[in-house]
> 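Dropping the structure in here first, questions after.
Throughout, protein chains are lettered first and strands after them, A, B, ... in sequence-line order, and every chain is numbered starting at 1.
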Number of protein chains: 2
Amino acid sequence: MSKSYSISDLAAEFDISTRTIRFYEEKGLLSPRRVGTAREYASAERVKLMLILRGKRLGFSLEQSRDIIDLYDPAAGNMKQLQLLLDRIGEKQAELLQKRKEINSMLADLKQAKENCEKAQEAIANKR
Amino acid sequence: MSKSYSISDLAAEFDISTRTIRFYEEKGLLSPRRVGTAREYASAERVKLMLILRGKRLGFSLEQSRDIIDLYDPAAGNMKQLQLLLDRIGEKQAELLQKRKEINSMLADLKQAKENCEKAQEAIANKR
DNA sequence: GATTATATTGACGTTAACGTCAACGTAATC
DNA sequence: GATTACGTTGACGTTAACGTCAATATAATC
């Protein structure tokens, strides 16, 4: 019994609009089942949506997120497809490692700024 | 003798257009000196540009990047300003730590996908 | 069965982040 | 001094990622 979700369920859970969810489908990122005319999302689709939103927060475009989702595609048939997939996984990993590096740089910068700030505070305090 | 740069120097170095650099200025992110009518960028301005571009790669908007740049502002006069600055630095740090977490999740996911992929490869290889 | 809630498609609007193009100025070079 | 290189300011165009609104359908509720 895997759960299923309505479009407004997901919209509420992730605090986005239904329009946004339909837009992702329009762009080929989601493909919910249809119950009559209404959309029904399996938990796999919900995971995809999570991946999209996480990607967004990290500065990936929708197209890049679609590529990332495709990396989890189980339909990788033959040997050549698998190797291509592995290559692209490797590329994405490198990209993410780079981002992590830059985040670490940014954190180091902020730490420095913080220290300077605190020194300035002490300087003011000592003037009293 | 701190170096200075023309707009096309920076454009070439960071592989962006001069229009982009002027656009950042228009949005209040850069403020180069003027030599006659032409713009001249000190190394501090160059650093700002680097911060903007790094921010972009990490999913920050230009407005967010401007906020981040302001965190390095040395013009924090009194005690209250300093405390506000420290608070905002703390917020940005938290935000970055969250991003790093998400990157780590993504890396873990990709690692999993890679292993599955390699298993599938071996399965095919053993069929021969 | 009338209302209310939730869904659909389609069309047009909007914002951020630039690109592109025109018209013009200035500085160095041949 | 004509050309070439590089700069400037508008002004309008473009793309991604949605928002907004209208008209309509379906499902649940009173």
Side-chain angles (χ1 to χ4, degrees), chain A residues 3-43 45-46 48-70 92 95 99 102, chain B residues 3-43 45-46 48-70 92 95 99 102:
Chain A
K3 282 171 194 168
S4 69
Y5 309 83
S6 75
I7 192 167
S8 51
D9 285 344
L10 294 182
E13 178 175 2
F14 297 110
D15 196 29
I16 56 182
S17 72
T18 58
R19 173 71 178 94
T20 296
I21 298 178
R22 288 196 200 92
F23 179 73
Y24 292 160
E25 180 179 346
E26 199 179 316
K27 291 289 167 178
L29 299 175
L30 296 175
S31 41
R33 281 167 33 209
R34 291 295 181 132
V35 176
T37 166
R39 293 168 172 82
E40 188 185 73
Y41 299 83
S43 43
E45 293 300 308
R46 178 173 165 278
K48 281 187 195 174
L49 182 52
M50 292 178 63
L51 292 177
I52 297 168
L53 298 176
R54 189 174 67 182
K56 272 197 57 180
R57 288 192 296 272
L58 295 176
F60 289 110
S61 69
L62 291 186
E63 197 178 342
Q64 286 176 312
S65 283
R66 189 179 40 189
D67 290 348
I68 292 172
I69 289 173
D70 288 348
K92 271 299 159 192
E95 206 172 318
K99 285 200 187 223
E102 300 199 304
Chain B
K3 282 170 194 170
S4 68
Y5 308 84
S6 75
I7 192 167
S8 51
D9 284 345
L10 295 182
E13 178 176 3
F14 297 111
D15 196 30
I16 56 182
S17 71
T18 57
R19 174 69 178 95
T20 295
I21 297 178
R22 288 196 200 93
F23 179 74
Y24 293 160
E25 179 179 349
E26 200 179 315
K27 290 289 165 178
L29 298 175
L30 296 174
S31 39
R33 281 168 30 210
R34 294 292 183 133
V35 176
T37 166
R39 294 168 173 81
E40 188 184 74
Y41 298 83
S43 42
E45 293 299 308
R46 180 174 165 277
K48 281 188 196 176
L49 182 53
M50 292 178 63
L51 292 178
I52 297 168
L53 298 175
R54 189 174 67 180
K56 272 196 57 180
R57 289 191 296 272
L58 295 176
F60 290 110
S61 69
L62 292 185
E63 198 179 340
Q64 287 177 312
S65 283
R66 187 180 41 188
D67 290 349
I68 292 172
I69 289 173
D70 288 346
K92 271 299 160 194
E95 207 173 317
K99 284 198 189 229
E102 299 199 303

> Just to verify, what does Ser31(B) make a side-chain hydrogen bond (donor to acceptor under 3.5 Å, both in side chains) with, not counting sequence neighbours?
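Per chain and number, Ser31(B) pairs via side-chain hydrogen bond (donor to acceptor under 3.5 Å, both in side chains) with no residue.
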> Could you write nucleotides 12-21 of chain D as a row of B, S and -, 5' to 3', where a protein heavy atom under 4.0 Å of any base atom gives B, of only sugar-phosphate atoms gives S, and otherwise -?
-----BBBB-
> Could you tell me the separation between the CG atom of Asp9(A) and the P atom of dT6(C), rounded to a whole number of Å?
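It works out to 10 Å between those atoms.
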> Checking Lys48(B) against Tyr41(B): charged group under 6.0 Å from the ring centre and within 45 degrees of the axis?
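The answer is no; the distance or angle limit is not met.
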> Between Glu95(B) and Lys92(B), does any side-chain N to carboxylate O distance fall below 4.0 Å?
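Result for this pair is yes, salt bridge flagged.
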> Are any of the side-chain heavy atoms of Phe23(A) and Leu62(A) separated by less than 4.5 Å?
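Yes. Closest side-chain heavy atoms under 4.5 Å.
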> For Arg57(A), is the CZ atom crowded, meaning more than 12 foreign heavy atoms sit under 6.0 Å from it?
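It does: Arg57(A) CZ has more than 12 such atoms within range.
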> Looking at Arg22(A), Glu25(A), Arg19(A), Glu40(A), which hits side-chain contact (heavy atoms from CB on, under 4.5 Å) with Ile7(A)?
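Considering Arg22(A), Glu25(A), Arg19(A), Glu40(A), a side-chain contact (heavy atoms from CB on, under 4.5 Å) with Ile7(A) is found only for Arg22(A).
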> Is any side-chain heavy atom of Ile68(B) closer than 4.5 Å to one of Leu51(B)?
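Leu51(B) vs Ile68(B): side chains apart.
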> Counting only non-hydrogen atoms, which of residues 32-40 of chain A are less than 4.0 Å from DNA chain D?
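Heavy-atom cutoff 4.0 Å gives no residues at all.
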> Is it true that a side-chain atom of Lys99(B) and a backbone atom of Leu58(B) form a donor plus acceptor pair closer than 3.5 Å?
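Between the backbone of Leu58(B) and the side chain of Lys99(B) there is a qualifying donor-acceptor contact (under 3.5 Å).
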> Can you tell me how far C1' of dG7(D) sits from OH of Tyr41(B), to the nearest Å?
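That distance rounds to 11 Å.
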